[in-house]
Each structure stands twice: as structure tokens, then as C-alpha cells.
Amino acid sequence: MSEHDQQAIVVSWAKLHEAQHPELALLFAVPNAGKRSIGAAKYYLAEGLKSGVPDLILPVPRDLDNGRSFVGLAVEMKDGKNKTTEKQDWWLEHLNIFGWYCAVSYSAEAAVKTICYYLEMEYDL
């Protein structure tokens, strides 16, 4: 299953659970992936598109059981044996420094488990 398919499962799962957990309505994707024409790339870069930004963002603050407070959750989705890029590592490191809970997930299941942990919800996929 592709990274796109895995991420789509996560987003569908979140939509199904919004009634019980309204904060899931704030989950959004960052459309950084994909090939673009030079014109389209210039257009989106002018608007502020940045390479390496995590795929899914949940801007909901939380105090977790480890005693640390976070301002939001950032999830980078990966497929198979793909590794994070240097730019993705930079973003994950810096978001974490500034109070974000960051994770790299290699499946929809892993991403949903991360979201459930972060929101202190029962896991169910």
C-alpha cells in the first residue's frame, strides 16, 4: 500500500471519530509531496510551501503522561523502507525543540496509534 493510501486511511479514520473527539477535526495534511511543473513549484514556493514539512499536523496542545507539554502533533508518513530526508529530519527536530510531539509512521496503524496516544484515546482502527 502506498504512502498516499496509508495517509488517506488515517484521515478517513480521523473523520469517523470526530464526533467523539472533536479535536480530530483539526487534523490536516501538508501537500508537500508530488511532482510539479516549474511554474507550479514557483507559485507554491511564493505562497510559503517548504520542503520537508511533516505530512500530517494536529495543532492541539496536550500534557502527556511523561510530564511534558506539547503544542501539537506532527506526523511524517513513510512507505516501506523509505527513510526520512535531511530536510524532514530538520523539521522534525526543530518542531520538537519548539514543543511539538513528532513521529514518523510507516503505516496507517502506526499513525493512528500515535494520534490515539497523543490524544489519550482508546486505539481502534
Side-chain angles (χ1 to χ4, degrees):
M1 197 177 301
S2 72
E3 182 179 316
H4 164 83
D5 293 337
Q6 296 284 344
Q7 186 168 319
I9 290 169
V10 175
V11 172
S12 293
W13 169 87
K15 286 178 185 174
L16 286 172
H17 291 82
E18 283 177 13
Q20 300 96 333
H21 302 278
E23 59 269 60
L24 286 171
L26 295 171
L27 181 70
F28 66 91
V30 177
N32 274 347
K35 305 272 187 224
R36 295 180 175 88
S37 68
I38 292 173
K42 286 180 181 180
Y43 178 86
Y44 289 114
L45 289 170
E47 284 189 344
L49 183 73
K50 295 198 178 202
S51 180
V53 175
D55 296 308
L56 294 170
I57 302 292
L58 182 63
V60 175
R62 279 287 183 260
D63 294 322
L64 295 182
D65 58 8
N66 61 10
R68 187 161 172 210
S69 296
F70 295 95
V71 297
L73 170 66
V75 178
E76 176 60 36
M77 298 295 298
K78 285 292 166 195
D79 180 38
K81 295 184 181 194
N82 288 345
K83 303 252 188 249
T84 53
T85 66
E86 230 177 271
K87 287 181 180 181
Q88 289 168 335
D89 290 338
W90 185 92
W91 273 98
L92 293 168
E93 177 185 344
H94 283 80
L95 286 171
N96 188 256
I97 288 168
F98 290 108
W100 286 75
Y101 186 91
C102 298
V104 177
S105 295
Y106 286 87
S107 67
E109 179 180 12
V112 168
K113 283 182 179 179
T114 297
I115 294 167
C116 287
Y117 169 75
Y118 185 76
L119 294 178
E120 300 177 296
M121 317 171 32
E122 291 285 323
Y123 167 75
D124 90 17
L125 178 61

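Side chains included, hydrogens not; waters and symmetry mates left out as well; all remaining heavy atoms used.
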Point-to-point distance, once rounded to the nearest 0.5 Å, from [atom1] of [X] to [atom2] of [Y]:
| X | Y | atom1 | atom2 | answer |
| --- | --- | --- | --- | --- |
| I115 | M121 | CD1 | CE | 8.5 Å |
| K42 | L49 | NZ | CG | 15.0 Å |
| H21 | L27 | NE2 | CG | 13.5 Å |
| E93 | N96 | CD | CG | 8.5 Å |
| H94 | F98 | NE2 | CZ | 6.5 Å |

[Y] and [X], any side-chain heavy atoms less than 4.5 Å apart:
| X | Y | result |
| --- | --- | --- |
| W90 | T85 | no |
| Y106 | D79 | no |
| L24 | W13 | yes |
| Y118 | L64 | yes |
| V104 | M77 | no |
| S105 | V75 | yes |
| L73 | T114 | yes |
| C102 | W91 | no |

Under 6.0 Å from the [atom1] atom of [X], do we count more than 12 heavy atoms belonging to anything else shown?
| X | atom1 | value |
| --- | --- | --- |
| F28 | CZ | yes |
| I38 | CD1 | no |
| Q20 | CD | yes |

Discussion item. Which heavy atom of K87 sits nearest to which heavy atom of S51, and what is that distance?
Written reply: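 Minimum heavy-atom contact is CD-OG, 3.4 Å.
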Item to complete: Identify the two heavy atoms, one from H17 and one from D124, that lie closest to each other, and give their separation to 0.1 Å.
Response: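 Heavy atoms only, the tightest pair is NE2-OD1, 2.9 Å.
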Fill in: Aromatic ring pairing F70/Y101, orientation class (parallel under 30°, perpendicular over 60°, tilted between)
perpendicular
Donor-acceptor contacts, no H, no angles, side chain residues 4-11, under 3.5 Å, sequence neighbours left out:
unit_1	atom_1	unit_2	atom_2	d
D5	OD2	S2	OG	3.2
Q6	OE1	A108	N	2.5

Discussion item. Going by side chain to side chain donor-acceptor pair (under 3.5 Å), name the residues that satisfy it together with N82, two or more places apart in sequence or in a different chain.
Written reply: none
Under 4.5 Å between side-chain heavy atoms, counting indirect links through other Ile/Leu/Val/Met/Phe/Trp/Tyr residues: same cluster for [X] and [Y] or not?
| X | Y | answer |
| --- | --- | --- |
| V60 | Y123 | yes |
| Y44 | I57 | no |
| L16 | L58 | no |

Worksheet item: Hey, mind stepping through K78 and Q88 against side chain to side chain donor-acceptor pair (under 3.5 Å) and telling me if it holds?
Response: CA-CA 11 Å; K78 285 292 166 195; Q88 289 168 335; 3.0 Å; yes
Worksheet entry | Salt bridge present between E23 and R62 (N-O < 4.0 angstrom) |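 Between R62 and E23 there is a salt bridge, with a charged N closer than 4.0 Å to a carboxylate O.
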